[in-house]
Number of protein chains: 2
Amino acid sequence: MNCPPTKAAKVRPPLQGNPRRTRQEHSQEIALDYVELIAELIATTGAARVTNLARRLGVTHVTVNRTIQRLQRGGLVNAQPYRSILLTEAGRKLSEESRRRHEIVVEFLKSLGVPDAVAHLDAEGMEHHVSRKTLSAFVKHLERCGRHQPPQ
Amino acid sequence: MNCPPTKAAKVRPPLQGNPRRTRQEHSQEIALDYVELIAELIATTGAARVTNLARRLGVTHVTVNRTIQRLQRGGLVNAQPYRSILLTEAGRKLSEESRRRHEIVVEFLKSLGVPDAVAHLDAEGMEHHVSRKTLSAFVKHLERCGRHQPPQ
DNA sequence: CCATATTTGTAGCCTGTGCTACATTTTAGC
DNA sequence: GCTAAAATGTAGCACAGGCTACAAATATGG
């Protein structure tokens with residue numbers, strides 16, 4: 001494997017700048033949404049089927065299928081044809097972190113007086129962009145303010 | 001089945017479910033990042049050049065180029081080869097909304113005790129997922145807690 | 001137990017974002 | 001003014017996420 005002259009892979013510069021770029025983050029967000037939902041479906045209905053996921057995610061079963069394949073390559077799920085999708089240990093762990101984070105964000109928003117439905121919707125988008133530090137600031141705020149104070 | 005099997009465009013069902021799906025949102029987020037940055041570069045340096053954008057976004061100039069083409073198709077920017085990129089009226093408007101939103105989120109996070117650097121970083125990811133209602137809850141919180149310098 | 005409905009899988013297309021490699025145009029220096 | 005460097009543009013590849021159309025497996029109801 002001495003580098004064939006063809007390409008040489010050109011050492012890429014550290015790629016500093018805004019780390020949020022790198023499309024990869026987007027697919028990681030999607031992965032989290034999937035494992036979170038798979039865990040939920042298993043918990044509530046006993047199984048995570050492709051069609052269920054598709055309906056819940058608002059995409060076709062084809063999209064789900066391919067994403068599941070990717071997650072399997074990444075070692076997050078364990079899927080066999082025509083069977084319910086299972087989470088690996090890694091997937092389960094990830095789903096729990098994700099769920100915890102999700103719930104904190106929801107609670108936090110509600111504590112600000114954001115209506116339930118909106119809180120859930122926004123949390124879904126925000127949760128993947130909340131750093132550890134910000135998350136703990138949310139927790140601290142929740143502790144300070146006791147619980148959720150209704151709007152008005 | 002006299003329906004001509006060829007194409008028929010099949011009326012797509014409403015595609016309810018989680019509206020956050022629909023990959024399109026992702027490219028919309030990127031569009032906002034671009035117009036926001038273009039506005040900033042014009043404001044601070046007088047011009048928005050491809051290379052500048054690329055450096056700031058942490059991607060290659062090629063990626064910037066193609067995205068700019070897409071934004072131009074969408075009527076947000078006005079670009080001529082080898083010239084500085086200009087915002088259209090629509091682009092300017094969008095960039096201002098985006099900036100305002102961004103600043104509110106940053107101020108809000110800071111008011112919770114999140115360190116400046118983290119606040120900026122997280123805001124960049126979060127800002128695209130904060131609904132109007134949540135945003136106004138942020139504003140209300142800022143007002144309640146004093147340190148509000150409303151980003152006009 | 002078989003016919004049909006539902007679910008799941010596969011093929012193939014499009015778009016968007018990322019890249020490298022290379023071509024072209026501007027800009028700077030001499 | 002001309003040459004070299006920098007900036008910009010173009011071609012073409014890879015991958016992810018979206019889709020429709022169609023095929024195959026599984027479930028369900030006579």
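Just so you know, these numbers come straight off a predicted model, no measurement behind them. In what follows, chains are A, B, ... by sequence order, proteins preceding strands, each numbered from 1.
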Distance in angstrom units between [X] [atom1] and [N] [atom2], rounded:
| X | N | atom1 | atom2 | result |
| --- | --- | --- | --- | --- |
| B:Arg49 | D:dA5 | CZ | P | 20 Å |
| B:Leu53 | C:dT17 | CG | C1' | 16 Å |
| A:Glu25 | D:dA16 | CD | P | 16 Å |
| A:Gln80 | C:dT8 | CD | P | 14 Å |
| A:His26 | D:dA14 | NE2 | P | 23 Å |
| B:Gln72 | D:dG9 | CD | P | 10 Å |
| A:Ile68 | C:dG9 | CD1 | C1' | 13 Å |
| B:Arg55 | D:dA7 | CZ | C1' | 9 Å |

Side-chain donor or acceptor of [X] under 3.5 Å from a matching atom on the base of [N]?
| X | N | answer |
| --- | --- | --- |
| B:Tyr82 | C:dT24 | yes |
| B:Arg66 | C:dG16 | no |
| B:His61 | D:dG9 | yes |

Between A:Pro81 and A:Thr67, name the one whose nearest nucleotide on DNA chain D is closer to the 5' end.
A:Thr67

Mapping B:Val50 and A:Ala31 onto DNA chain D by nearest heavy atom, which one lands closer to the 5' end?
B:Val50

Phosphate oxygens OP1/OP2 of [N]: is one of them under 4.0 Å from a side-chain N or O of [X]?
| X | N | result |
| --- | --- | --- |
| A:Asn65 | C:dG9 | yes |
| B:Arg73 | C:dG16 | yes |
| A:Thr63 | D:dC19 | yes |
| B:Thr60 | C:dG18 | no |
| B:Thr51 | D:dT8 | yes |

May I ask you to decide if the ring planes of B:His26 and A:His26 are parallel, tilted or perpendicular, using 30° and 60° as cut-offs?
parallel

Specify whether A:Phe108 and A:Phe138 have parallel, tilted or perpendicular ring planes, treating 30° as the upper limit for parallel and 60° as the lower limit for perpendicular.
parallel

B:Gln69 near the nucleic acid: base, sugar-phosphate alone, or nothing, with a heavy-atom cut-off under 4.0 Å?
sugar-phosphate

Pairwise side-chain contact, B:Leu32 with B:His102, heavy-atom cut-off 4.5 Å (strictly under)
no

With B:Leu53, the side chain to side chain contact (heavy atoms under 4.5 Å, CB included) member among B:Ile85, B:Asp33, B:Thr63:
B:Ile85

Look at atom CZ of A:Arg92 and say whether more than 12 heavy atoms of other residues, nucleotides or ligands are closer to it than 6.0 Å.
yes

Look at the side chain of B:Val62 and decide which nucleotide, out of D:dA7, C:dA21, D:dC13, has an atom nearest to it.
C:dA21

